[in-house]
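Quick notes on the structure that follows.
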Amino acid sequence: MVADQKGKSDISLAGTFASSAFAACFAEICTIPLDTAKVRLQLQKKAVGGDAAVLPKYRGLIGTVGTIAREEGLAALWKGVIPGLHRQCLFGGLRIGMYEPVKNFYVGKDHVGDAPLTKKILAALTTGALGITVANPTDLVKVRLQAEGRLPPGVPRRYSGALNAYSTIARQEGVLALWTGLGPNVARNAIINAAELASYDQVKQTILKIPGFTDNVVTHLLAGLGAGFFAVCIGSPVDVVKSRMMGDSAYKSTLDCFIKTLKNDGPLAFYKGFIPNFGRLGSWNVIMFLTLEQAKKYVKNLESS
């Protein structure tokens, strides 16, 4: 993830995109049950009025995973995996694969030494925003499918699968509806991408300057955990707004969703699902970055042979 001292990537742009897409898809498959739990917790609202006897259906990471598995079956934990993989092929490939070229562009070809942190953040903000603008329909469909399990028993499901969801949304709500929630989604993914990629880059660069540390799995593990933690702390509020807007059409705009969430559920609602979100993003980042580093080494060997 950190380029050499000349700021040039070791592999081609196509190789970087393929490595990034593969690593993102592998991490998605491994961690999507946690993402499903996170979405359900974020979409869960407080009981209205003085009905204190009504307990929330989903409580905590393990409880939510257990409830979904018990009531809907284990397969429900992977609901949304197909659009999730669609998303990672596009968004993961673009945001991660374009990070080094965009960072090098902002730094300038004559720059010598490590890239400044501000340039890393700017590059990650750019690739995150561009990537999710292209991939927003896949994100929308994934959230819609994950939210299906909240429907009462006996109520027919709206979508039979990912492809049916794309066509149904486009037919019933219009093609532009596939970009519902684009505003908070761009904000969320640009911010989280900056927190993930820039922090991973910076933490890895810092660790490698410590005597005894080398560019190995331990370094990648520590940097990946740091990236996941920063991403959740910074991006959780916009992540909650994005999930609610995509899962519930009652909100008129990003601001409307923010105000209603704050008014009805309180400020802590913006960190609802924080632990499963960190479990999801922390593990996702560790798996993705470990896989990415190995995939890039493999592609480098292929291209140099």
Side-chain angles (χ1 to χ4, degrees), residues 1-32 34-35 88-89 91-104 107 111-121 123-124 127-128 131 192-235 277-305:
M1 198 62 203
V2 179
D4 60 27
Q5 292 300 311
K6 294 181 180 179
K8 302 298 182 183
S9 179
D10 293 329
I11 61 178
S12 66
L13 182 58
T16 302
F17 179 88
S19 300
S20 303
F22 173 77
C25 285
F26 182 70
E28 187 77 6
I29 291 171
C30 293
T31 63
I32 200 167
L34 299 178
D35 188 55
Q88 293 304 339
C89 279
F91 180 56
L94 288 170
R95 76 179 181 97
I96 302 167
M98 292 298 296
Y99 171 71
E100 288 291 344
V102 172
K103 182 180 72 173
N104 293 336
V107 168
H111 179 81
V112 178
D114 297 329
L117 178 59
T118 53
K119 301 295 185 182
K120 295 174 183 177
I121 293 173
T127 62
I192 289 181
N193 196 51
E196 283 180 357
L197 298 188
S199 64
Y200 181 86
D201 203 346
Q202 191 71 21
V203 170
K204 181 181 174 183
Q205 178 183 298
T206 302
I207 291 174
L208 289 176
K209 292 179 180 178
I210 301 173
F213 280 91
T214 58
D215 191 1
N216 57 20
V217 172
V218 175
T219 299
H220 304 158
L221 176 66
L222 293 174
L225 281 172
F229 179 75
F230 282 115
V232 178
C233 288
I234 295 170
N277 204 7
F278 175 66
R280 152 73 166 170
L281 270 181
S283 57
W284 193 95
N285 274 278
V286 168
I287 294 170
M288 191 281 288
F289 282 117
L290 287 174
T291 305
L292 176 64
E293 297 281 6
Q294 298 307 310
K296 289 175 74 173
K297 287 179 182 177
Y298 178 75
V299 171
K300 181 182 177 182
N301 290 335
L302 278 182
E303 292 184 344
S304 61
S305 62

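Worth saying up front: this structure is predicted, and the values here are computed from it rather than measured. Only heavy atoms go into these numbers, but all of them, side chains included; no hydrogens, no water, no symmetry mates.
Looking only at atom types and distance, the side chain of Ser12 has a donor-acceptor partner in the side chain of Glu303 under 3.5 Å away.
A donor-acceptor contact shorter than 3.5 Å links the side chain of Asn104 to the backbone of Glu100.
Across every non-hydrogen atom of Asn285 and Ala227, the tightest pair is OD1-CB, 4.0 Å. Considering every non-hydrogen atom in both Asn193 and Ala124, the closest pair reads ND2-O, 2.6 Å. Annotation for Ile287 and Ala27: closest pair CG2-CA, 3.7 Å, computed over non-hydrogen atoms. Nearest heavy atoms, Ser20 versus Gly92: CB-O, 3.8 Å. Residues Val107 and Pro116 share a closest heavy-atom pair of CG2-CD, 4.3 Å. Between Ala223 and Ile207, the closest heavy-atom pair is N-CD1, 4.4 Å.
Met288 pairs with exactly one of Val286, Leu290, Thr291, Leu292 by the side-chain contact (heavy atoms from CB on, under 4.5 Å) rule, that one being Leu292.
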Step-by-step side-chain contact (heavy atoms from CB on, under 4.5 Å) determination, Lys119 to His111: CA-CA 12 Å; Lys119 301 295 185 182; His111 179 81; over 6 Å; no
Trace of the side-chain contact (heavy atoms from CB on, under 4.5 Å) decision for Glu196 with Ile96: CA-CA 10 Å; Glu196 283 180 357; Ile96 302 167; over 6 Å; no
Intermediate values then yes/no, side-chain contact (heavy atoms from CB on, under 4.5 Å), Gln88 and Phe26: CA-CA 9 Å; Gln88 293 304 339; Phe26 182 70; over 6 Å; no
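Residue Glu28 holds its CD atom at 7.5 Å from CH2 of Trp284, rounded to the nearest 0.5 Å. Atom NZ in Lys103 sits 9.5 Å away from atom CG in Leu197 (nearest 0.5 Å). If you take OG1 on Thr127 and OH on Tyr99, they are separated by 8.5 Å, rounding to the nearest 0.5 Å. Atom-to-atom distance recorded for Ser19:OG and Ile11:CD1 is 4.0 Å, nearest 0.5 angstrom. Put simply, CG on Leu225 and CG on Leu221 are 5.0 Å apart, with the number rounded to the nearest 0.5 Å. Ile192 contributes atom CD1, which lies 11.5 Å from atom OG of Ser199 (distance to the nearest 0.5 angstrom).
Using bins of under 30°, 30° to 60° and over 60° for the plane-to-plane angle, the ring pair Phe289/Tyr200 lands in the parallel bin.
Residues Lys209 and Asp114 form a side-chain contact, since some pair of their non-hydrogen atoms from C-beta on lies under 4.5 Å apart.
Enclosure of atom CZ in Phe17 by more than 12 non-hydrogen atoms of other residues, nucleotides or ligands within 6.0 angstrom is indicated.
A salt bridge (charged side-chain N to carboxylate O under 4.0 Å, His left out) check over residues 210-223, counting only residues at least two apart or in different chains, returns the pairs Lys204-Asp215.
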